[in-house]
A.B. asks: 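My questions will all concern the structure given below.
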Amino acid sequence: MGKWFPIAYDFFMKPLEKHRFKDIRSNLLAKAKGRVLEIGSGSGINLPHYQHSVEHVVAIDPNEQMLQRSVEAVRQGKVKIQLLNAEAEKLPFADNTFDTVVATLVFCTVADPEKVILEIKRVSKPGARILLFEHVKVSNPFWAKVQDRLTPIWKRVCDGCHLNRNTLGYFKQAGLSMQEVKKYYKGTFITVDCLYQPERKGQT
Ligand SMILES: C[S@@+](CC[C@H](N)C(=O)[O-])C[C@H]1O[C@@H](n2cnc3c(N)ncnc32)[C@H](O)[C@@H]1O
């Protein structure tokens with residue numbers, strides 16, 4: 001992983017964050033409550049958005065540089081926040097720990113989205129909310145093909161980011177109950193609010 005990526009990411013995202021994403025993030029994160037796990041927290045852009053309905057945030061990221069860049073955001077947070085170096089495919093938490101799990105612009109990059117969803121389900125309490133803000137594969141066939149074509153080079157430049165992940169499809173397939181899905185910029189970005197309700201034993 002290039003050492004330059006965290007710096008470049010924050011630099012190029014700054015105008016987008018200020019003019020486009022800030023409101024999307026704050027509306028989504030206003031739904032977070034209780035014990036919150038944020039996966040792939042990057043340089044901590046979401047951390048100042050958590051409100052007092054949140055008891056405690058554990059923000060994990062495998063990139064130490066990203067975590068170091070989060071320290072100021074932790075200071076600006078209104079709630080208790082703990083940073084941890086960890087991967088979402090192998091979460092270092094007990095089963096049934098969190099009331100809310102948050103992932104923003106992360107499912108494009110994780111190595112194994114299905115494994116990450118299994119881990120999210122494992123550490124979520126029954127009834128937990130999963131809040132996502134992701135860029136995804138679009139439904140327009142022409143632009144979807146462009147995303148497919150660009151992804152191999154994009155991945156190399158942008159730290160493993162896939163332009164063409166069907167993140168919503170992975171979550172639906174995993175049986176999570178969709179409460180709200182919103183599309184932005186012709187469906188290139190989505191927010192998802194979904195509910196984790198484990199299947200009861202013996203249920204078909
Ligand atoms: C594009 S950045 C997004 C950062 C931030 N969440 C945001 O909304 O801007 C993707 C982040 O996911 C992290 N990441 C990559 N693979 C991961 C994994 N397997 N588990 C957890 N985080 C991961 C990266 O280190 C990076 O900080």
Side-chain angles (χ1 to χ4, degrees), residues 1-32 36-50 57-74 76-77 81-93 98 100-124 130-136 147 150-151 154-165 167 170-171 182 184-185 188-193:
M1 180 187 318
K3 280 199 166 172
W4 56 269
F5 182 76
I7 299 164
Y9 181 76
D10 286 345
F11 178 80
F12 286 111
M13 291 298 282
K14 205 170 184 170
L16 262 180
E17 291 294 345
K18 191 170 169 197
H19 300 291
R20 307 273 176 183
F21 292 169
K22 197 175 170 196
D23 290 346
I24 297 175
R25 290 182 191 274
S26 90
N27 290 335
L28 181 74
L29 297 172
K31 297 181 178 191
V36 176
L37 169 65
E38 181 173 334
I39 65 171
S41 51
S43 53
I45 187 84
N46 291 328
L47 302 180
H49 291 287
Y50 290 109
V57 179
V58 183
I60 68 138
D61 201 288
N63 183 330
E64 195 53 45
Q65 254 186 299
M66 285 289 198
L67 291 171
Q68 281 167 20
R69 293 174 73 81
S70 312
V71 171
E72 184 50 37
V74 171
Q76 286 173 20
I81 299 166
Q82 180 192 356
L83 300 174
L84 203 67
N85 188 324
E87 281 186 355
E89 286 88 348
K90 213 174 165 188
L91 292 171
F93 309 109
F98 295 99
T100 310
V101 179
V102 171
T104 66
L105 309 183
V106 172
F107 270 86
C108 51
T109 302
V110 294
D112 188 340
E114 284 164 321
K115 199 165 176 190
V116 173
I117 294 172
L118 281 178
E119 277 294 85
I120 289 176
K121 287 166 79 169
R122 182 183 67 75
V123 301
S124 291
I130 297 152
L131 305 174
L132 310 172
F133 169 43
E134 296 288 343
H135 68 79
V136 293
Q147 288 178 310
L150 285 178
T151 287
W154 187 263
K155 252 169 46 179
R156 293 172 75 106
V157 179
C158 294
D159 199 29
C161 171
H162 297 68
L163 290 169
N164 59 350
R165 279 261 162 100
T167 297
Y170 285 120
F171 276 82
K182 285 189 184 169
Y184 304 85
Y185 311 114
T188 312
F189 289 83
I190 55 169
T191 54
V192 180
D193 170 2

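Counting convention: from 1, in listed order, for ligands and their atoms alike.
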A.B. asks: Find all atoms of ligand 1 within a distance of less than 4.0 Å from any non-hydrogen atom belonging to E87, and give their numbers and elements.
C.D. replies: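 Those atoms are 20 (N).
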A.B. asks: Could you tell me, atom by atom, which parts of ligand 1 come under 4.0 Å of a heavy atom of N63?
C.D. replies: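 This gives 25 (O) as the contact atoms.
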A.B. asks: Checking contacts here: is it the side chain or the backbone of I45 that comes within 4.0 Å of ligand 1, counting heavy atoms only? Could be both or neither.
C.D. replies: side chain
A.B. asks: Keeping Q147 on the side-chain end and R165 on the backbone end, is there a donor-acceptor pair under 3.5 Å?
C.D. replies: no
A.B. asks: Check for a donor-acceptor pair, side chain of E134 on one end and backbone N or O of I190 on the other, with a separation under 3.5 Å.
C.D. replies: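 Looks like no, no N/O pair under 3.5 Å.
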A.B. asks: Minimum heavy-atom separation for I39 and A88, please, with both atom names.
C.D. replies: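 Closest approach of I39 to A88: CD1-CB, 3.9 Å.
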A.B. asks: Going by the atom numbers of ligand 1, which of them fall below 4.0 Å from some non-hydrogen atom of T109?
C.D. replies: 15 (C)
A.B. asks: Considering both backbone and side-chain atoms of Y9, is one of its nitrogen or oxygen atoms within less than 3.5 Å of a nitrogen or oxygen in ligand 1?
C.D. replies: yes
A.B. asks: Which heavy-atom pair separates F107 from P113 by the least distance, and what is that distance?
C.D. replies: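 Closest approach of F107 to P113, heavy atoms only: CE2-O, 3.8 Å.
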A.B. asks: Of all the atoms in ligand 1, which lie at a distance below 4.0 Å from a heavy atom belonging to G42?
C.D. replies: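 So the answer, numbered in order with elements, is 4 (C), 27 (O).
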A.B. asks: Sub-3.5 Å donor-acceptor pair from the side chain of H162 to the main-chain atoms of G160, do we have one?
C.D. replies: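 Side chain of H162 to backbone of G160: a pair is present.
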A.B. asks: Specify the closest pair of heavy atoms between F93 and R122, including all atoms of both residues, with the distance to one decimal.
C.D. replies: O-NH1, 2.8 Å
A.B. asks: Hey, does I39 sit under 4.0 Å from ligand 1 if you only count heavy atoms?
C.D. replies: no
A.B. asks: If we ignore hydrogens and angles and just use 3.5 Å, is the side chain of E17 paired with the main-chain N or O of I45 as donor and acceptor?
C.D. replies: no
A.B. asks: If hydrogens are left out, which of D159, L16, T104 has an atom nearest to atom 8 (O) of ligand 1, that is, the closest non-hydrogen atom?
C.D. replies: T104
A.B. asks: Under 4.0 Å, heavy atoms only, figure out whether ligand 1 is touched by the backbone of F133, its side chain, both or neither.
C.D. replies: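 No part of F133 is near ligand 1 at this cut-off.
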A.B. asks: Any nitrogen or oxygen of R25, side chain or backbone, less than 3.5 Å from one on ligand 1?
C.D. replies: yes
A.B. asks: Any idea which atoms of ligand 1 are less than 4.0 Å away from a heavy-atom of M66?
C.D. replies: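 This gives 27 (O) as the contact atoms.
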A.B. asks: Backbone, side chain, both or neither: what part of E89 comes under 4.0 angstrom of ligand 1, heavy atoms only?
C.D. replies: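 The answer is the side chain.
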A.B. asks: Under 30°, 30 to 60°, or over 60°: which ring-plane class applies to F133 and Y184, parallel, tilted or perpendicular?
C.D. replies: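 Perpendicular, since the angle between the ring planes exceeds 60°.
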A.B. asks: Measure the distances from the heavy atoms of M13 to every atom of ligand 1 and state whether one is below 4.0 angstrom.
C.D. replies: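 Not so, M13 does not reach ligand 1.
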A.B. asks: Between T188 and Y185, is there a donor-acceptor pair closer than 3.5 Å when you use the side chain of the first and the backbone of the second?
C.D. replies: yes
